[in-house]
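First the structure, in the form of structure tokens, and then the observations on it.
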Amino acid sequence: MSHLPHHIRRAIEITPAAGTRERIIDITTLGRRTGRARRIEIFLYRAAGTTYLCSGAGGAATDWHANLLADPNFTFHLKNGIRADLPARATPVTDPAERQAVLAEIVADLNQPHDPGTIRPTRLEDWADSRLMRISFRHRP
């Protein structure tokens, strides 16, 4: 992320003190069947200095995740306070040890007193099957 302007990096590098508003972004993926742009609202998560998208507790299948598996390139839209449309790439997190560590950090963050929009207490075992994507930000062409 070092290639991104400082104010954009700060908006992405949320901490456990961040509230709901700072965590909400939009993403635009390409539909895996239609090839059409699909824009949705989603939470971003930070763990171990990295940005993630996660389907949340329960691990239900999601179109955004299936679309990113088919085409990992997408647009990451900051929209609260700072507005920016960033080219990004998603990588599924499949290594069990990495998944466990990242999900544990996400759940610990969600259990902070400010509670960024989930029902507390959030339990790690409820997140075990979540769709989890690591996000990298690409340079603009």
Side-chain angles (χ1 to χ4, degrees), residues 1-124 126-141:
M1 279 199 329
S2 61
H3 65 283
L4 297 174
H6 178 72
H7 69 289
I8 291 175
R9 280 196 322 267
R10 276 196 5 231
I12 295 168
E13 293 174 343
I14 61 170
T15 68
T20 300
R21 185 171 177 198
E22 291 89 2
R23 296 166 186 275
I24 297 175
I25 62 163
D26 285 353
I27 62 171
T28 300
T29 62
L30 289 181
R32 64 196 174 282
R33 290 186 292 258
T34 67
R36 291 195 312 232
R38 302 285 185 207
R39 185 169 176 153
I40 65 157
E41 186 173 83
I42 191 169
F43 278 109
L44 75 100
Y45 298 95
R46 291 285 294 175
T50 302
T51 304
Y52 294 90
L53 299 177
C54 186
S55 62
T62 60
D63 286 335
W64 67 263
H65 183 262
N67 291 345
L68 290 174
L69 288 175
D71 181 354
N73 298 308
F74 72 103
T75 303
F76 183 103
H77 306 279
L78 289 173
K79 63 182 192 172
N80 292 307
I82 294 175
R83 295 196 180 273
D85 301 318
L86 307 171
R89 185 170 182 87
T91 304
V93 179
T94 57
D95 175 71
E98 181 182 4
R99 284 183 57 78
Q100 176 76 12
V102 169
L103 291 172
E105 197 167 328
I106 288 171
V107 168
D109 184 10
L110 293 174
N111 283 323
Q112 295 294 315
H114 65 277
D115 191 336
T118 62
I119 299 170
R120 291 191 314 140
T122 297
R123 300 174 323 145
L124 181 57
D126 295 336
W127 287 64
D129 296 326
S130 297
R131 301 336 191 227
L132 183 62
M133 292 280 193
R134 182 183 326 102
I135 306 307
S136 57
F137 296 93
R138 303 178 335 203
H139 291 276
R140 292 195 186 273

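Contact check for Leu86 versus Ile12: side-chain heavy atoms found under the 4.5 Å cut-off. Side-chain contact check for Phe74 versus Asn67: every heavy-atom pair is 4.5 Å or farther apart. Using a 4.5 Å heavy-atom cutoff, the side chains of Leu69 and Pro92 are in contact. Cys54 has its side chain within reach of Trp127: a pair of non-hydrogen atoms, C-beta onward, lies under 4.5 Å apart. Contact annotation: the side chain of Tyr45 never approaches that of Val102 to less than 4.5 Å [non-hydrogen atoms, C-beta and beyond]. Ile106 has its side chain within reach of Leu132: a pair of non-hydrogen atoms, C-beta onward, lies under 4.5 Å apart. Counting heavy atoms from C-beta outward, Val93 and Tyr52 have side chains that approach closer than 4.5 Å.
A distance of 11.5 Å separates CZ in Arg10 from CD in Glu22, rounded to the nearest 0.5 Å. We find the CG-CE distance between Leu68 and Met133 to be 5.0 Å, quoted to the nearest 0.5 Å. The OG1 atom of Thr29 lies 11.5 Å from the CG atom of Asn73; values are rounded to the nearest 0.5 Å. Rounding to the nearest 0.5 Å gives a distance of 8.0 Å between OG1 of Thr94 and CZ of Arg134. Atom CD1 in Ile8 sits 11.5 Å away from atom CD in Glu13 (nearest 0.5 Å).
A donor-acceptor contact closer than 3.5 angstrom links the side chains of Thr28 and His77. The closest side-chain donor-acceptor pair between Asn80 and Arg23, if any, does not fall under 3.5 angstrom. Side-chain contact check for Arg46 and Thr51: at least one donor-acceptor pair (N or O, by modelled atom type) lies under 3.5 Å.
Here the side chain of Glu41 pairs no donor or acceptor atom with the backbone of Ile24 at under 3.5 angstrom. Listed for the Arg89 side chain is no donor-acceptor partner under 3.5 Å among the backbone atoms of Arg138.
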*Test side chain to side chain contact (heavy atoms under 4.5 Å, CB included) on Phe76 and Leu44 and set out the steps.*
CA-CA 10 Å; Phe76 183 103; Leu44 75 100; 4.0 Å; yes

*Can Gln100 and Leu124 be said to form a side chain to side chain contact (heavy atoms under 4.5 Å, CB included), step by step?*
CA-CA 9 Å; Gln100 176 76 12; Leu124 181 57; 3.2 Å; yes

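For Ala11, the side chain to side chain contact (heavy atoms under 4.5 Å, CB included) partners at least two apart in sequence or on another chain are Leu78, Ile82.
Across all their heavy atoms, Ala70 and Arg32 have their closest contact at CB-CB, 3.6 Å. Taking every heavy atom of both residues into account, Ile25 and Leu53 meet most closely at CD1-CD2, 4.0 Å. Among all heavy-atom pairs drawn from Arg99 and Ser130, the shortest one is NH2-O, 2.8 Å. Trp64 approaches Ile27 most closely through the heavy-atom pair CB-CD1, 4.0 Å. Across Gly35 and Leu30, no two heavy atoms sit closer than the pair O-CD2, 3.6 Å. The two atoms that bring Arg38 and Thr34 nearest to each other are NH2-OG1, 3.6 Å, heavy atoms only.
Residues Asp26 and Arg83 are not paired through a salt bridge, judged by the lack of any N-O separation under 4.0 Å between the basic side chain and the carboxylate.
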